Amino acid sequence: MQAFDEVHRAVHYPPDRRFRVWINPWFVLAFAVVALTPVAVAWGQYLIAGLPQIAALSVADNPATPHGFPLWLRLSHFFNFFFVMLLVRSGLSILMDHPRLYFNDDCTPGTEWIRLTPLKVPRDRIWTAKDDARYLTPLVGTPGYRHTVGIARVWHFINVHGFIITGVFYVAMLFVSEHWQRLVPTSLDMVGQAWNVWVHYATFHLPPEPNGFYAYNALQQMAYFVVVFGFGPLAILTGIAMSPAVVNRFSWYARAFGGRQAARSFHFLTLLGFLGFIVVHVTLVAVTGFMRNMNHIVLGTDNLTPWGMILGLAAIGLVVLSWVVANYLSWSYPRRVQHALKLVTYPMQLITLNRLLPQQHYTTDDISPHFWPNGKMPTSSEWRRLADNGFRDFRLRIGGLVERPVELSLADIAKLGETKQITMHHCIQGWSGIAQWGGVPMKTLIDMVQPKPEARTVVFHSFGEGLYGGAYYDTQTMENALKPECLIASHMNGQPLSEVYGAPLRLRVENQLGYKMVKWIEWIEFVESEKTVGKGEGGKNEDDEYFDILPNI
Ligand SMILES: Nc1nc2c(c(=O)[nH]1)N[C@H]1C(S)=C(S)[C@@H](COP(=O)(O)O)O[C@H]1N2
Ligand SMILES: [Mo]
């Protein structure tokens, strides 16, 4: 990603940088009904009965309730804003790598409810998921540009740790102190009061405001409550529902959200929820006494000095600066950025998500009518010659650090017996698809070749090339290669693998993302460590696109 040479420029900064949003008209209609009904009802009430009364809250009414903004709260507020904004920006960069959202798990083109691309998928030629990735200006995305999902994920996952730590700390402090009482609605009466406040806003009236230092208005409190205890957890839970390790172990977990793609859609909707909240929140902070409000949340004082505002604006400047720094690091030191995440997540995944053994129970009815293809077809004359002869001359070489290297024809492999599995594929870009794969478990082949004790890593070499040229390959630890559902597949949905989907052989490794599943396998090599292969990051995409070596999520 470093230098924008010709090849990188073509990928990251394509000539077609149009930004278009298309939303299924039915969703626009449903959204309009949901959003406009409360507005219409509020107007009806206002025109018929006038503005409802809002009981003015005075400090003296509830002297016992906690008030003010202690330091822990002010700090949480700042860090939350900091992390959320980087999550939003990197999230948008990730989204643009597959700029379509669905409520079905097969992601058939045309079934999306929203599309952030002007393009319809052409039907007369192969259109890969990578072809479909769109440009996003770096003013909006981190790191922005086109097809920067690898680095965008690094920022997303680094910041999600900060977001969760801040959230846990904040909620714990809410309950340790008595400040939860300012947020959690404790009576149903609240709902009626919140409605009354809404009638004011919806008809362009400002309700009488309590001093936020002591109490919030009822709707404000409800909004804060929903953001903290609704959006926050929903964002985390739907994020986890996109993990191949989790979903391919507990498929009910994704189904609880309406499926893997519905979870992805809800993940995006929570992003919109956060953004919508920030816009309304900041507007109301500004119109209800900006200086006083800024003193509350920045300094924890209740007066009219300008210092809260000055410091607050400086803090916002710091947040904006963090976007600039993140962009700079992404383009200048992508390898270090990649390794920074690896330092934390690699050991952590080994003891958590990577322990889950895939066990999926899909039926033939679940098989997707469409399965997005990805990757560059091999251009080697060797592969072409083998393909033209139906791969009858193909021999799978398995060698490296093994006691008994072998060369197997497709017929030899077929004699080992066909294992079938119907599984969900998760591409790093965001799409999914369910297919049946038939082939031989890696475990069978490992038992056959007897790896030497020092062989810790299995390398799958492809006939194909990576996005920026050079042989495509990827690696698995011996541990993952031995897991259930790790298959060298020769068949897809009952047919021999077609050229596009990886003929003659491809890997299936269901607790990880799609790019680990090498297509067009040429040979398999056992080595001590991935460090000695390619650029040493564990795979072609890991080397060139800064993807994770172990993508359990
Ligand atoms: N040789 C090779 N294998 C590859 C790729 C590639 O570019 N080259 N792309 C990977 C990615 S990113 C995905 S999502 C899956 C896509 O498999 P599919 O084409 O069957 O959907 O293949 C993986 N295997
Ligand atoms: Mo992928």
Side-chain angles (χ1 to χ4, degrees), residues 11 94 97-98 100 105-109 121 126-133 147-150 152-153 242-244 248 260 264 367-380 382-383 386-387 396 421-439 459-476 486-493 495-510 512-524 533-534 538-549 551 553:
V11 171
I94 296 169
D97 224 48
H98 188 70
R100 305 166 189 269
D105 283 343
D106 53 71
C107 305
T108 302
V121 172
I126 295 172
W127 182 253
T128 66
K130 286 219 174 72
D131 294 329
D132 205 48
H147 189 51
T148 53
V149 63
R153 273 165 56 94
M242 290 184 271
S243 150
N248 291 351
R260 201 267 186 194
R264 180 168 172 260
I367 291 175
S368 304
H370 178 87
F371 201 93
W372 278 83
N374 224 350
K376 266 198 205 163
M377 289 279 284
T379 49
S380 88
E382 158 87 350
W383 180 82
L386 291 167
L396 173 67
Q421 61 195 39
I422 303 179
T423 56
M424 186 186 288
H425 179 100
H426 304 247
C427 172
I428 191 170
Q429 297 183 272
W431 58 271
S432 57
I434 297 174
Q436 186 193 57
W437 304 98
V459 190
F460 300 86
H461 295 279
S462 174
F463 284 108
E465 298 197 334
L467 194 54
Y468 308 106
Y472 194 96
Y473 77 96
D474 209 286
T475 62
Q476 286 294 323
C486 183
L487 204 69
I488 296 293
S490 53
H491 287 71
M492 178 188 191
N493 298 335
Q495 302 290 324
L497 276 183
S498 64
E499 295 191 353
V500 173
Y501 291 104
L505 296 171
R506 74 175 297 169
L507 181 63
R508 298 298 312 170
V509 40
E510 307 290 354
Q512 295 163 50
L513 292 176
Y515 64 88
K516 301 294 291 187
M517 310 194 203
V518 177
K519 302 200 291 188
W520 309 294
I521 292 180
E522 181 181 6
W523 65 292
I524 300 175
V533 193
K540 187 65 182 160
N541 287 316
E542 292 87 323
D543 285 347
D544 292 355
E545 301 187 43
Y546 311 99
F547 288 7
D548 328 74
I549 184 171
I553 188 159

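Just so we're clear, the structure is a prediction, and the values are computed from it rather than from any experiment. Just follow the structure's listing: the first ligand is 1, and inside any ligand the first atom is 1.
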For ligand 1, which atoms have a heavy atom of [X] less than 4.0 angstrom away?
| X | result |
| --- | --- |
| Cys427 | 14 (S) |
| Met517 | 4 (C), 22 (O), 23 (C), 24 (N) |
| Pro373 | 19 (O), 21 (O) |
| Trp520 | 1 (N), 2 (C), 8 (N) |
| Tyr501 | 18 (P), 19 (O), 20 (O) |

Seminar exercise, completed: In terms of its nearest heavy atom to atom 22 (O) of ligand 1, the top option of Arg508, Glu465, Arg506 is Arg506

For this session: Using the six-membered ring wherever Trp is involved, compare the ring planes of Trp437 and Phe371 and label them parallel, tilted or perpendicular (cut-offs 30° and 60°).
Result: perpendicular

Could you say whether the N/O atoms of [X] and ligand 1 ever approach to under 3.5 Å?
| X | value |
| --- | --- |
| His425 | no |
| Ser462 | yes |
| Asn374 | yes |

Do the side chains of [Y] and [X] get nearer than 4.5 Å, heavy atoms only?
| X | Y | answer |
| --- | --- | --- |
| Tyr473 | Trp523 | no |
| His426 | Glu510 | no |
| Glu465 | Trp520 | no |

Exercise. Who's the nearest protein heavy-atom neighbour of atom 9 (N) of ligand 1, and how far?
Worked result: Tyr472 OH, 3.7 Å

Seminar exercise, completed: Looking only at protein heavy atoms, what sits closest to atom 7 (O) of ligand 1 is Gly375 CA, 3.0 Å

For ligand 1, note which part of [X] has a heavy atom under 4.0 Å away: side chain, backbone, both or neither.
| X | value |
| --- | --- |
| Gln429 | neither |
| Tyr515 | both |
| Trp431 | side chain |
| Lys519 | both |
| Trp372 | backbone |
| Lys376 | backbone |

Problem set entry | Side-chain donor or acceptor of Ser490 paired with backbone N/O of Gly439 under 3.5 Å | no

For this session: Answer yes or no for Lys130: is there a heavy-atom contact with ligand 1 below 4.0 Å?
Result: yes

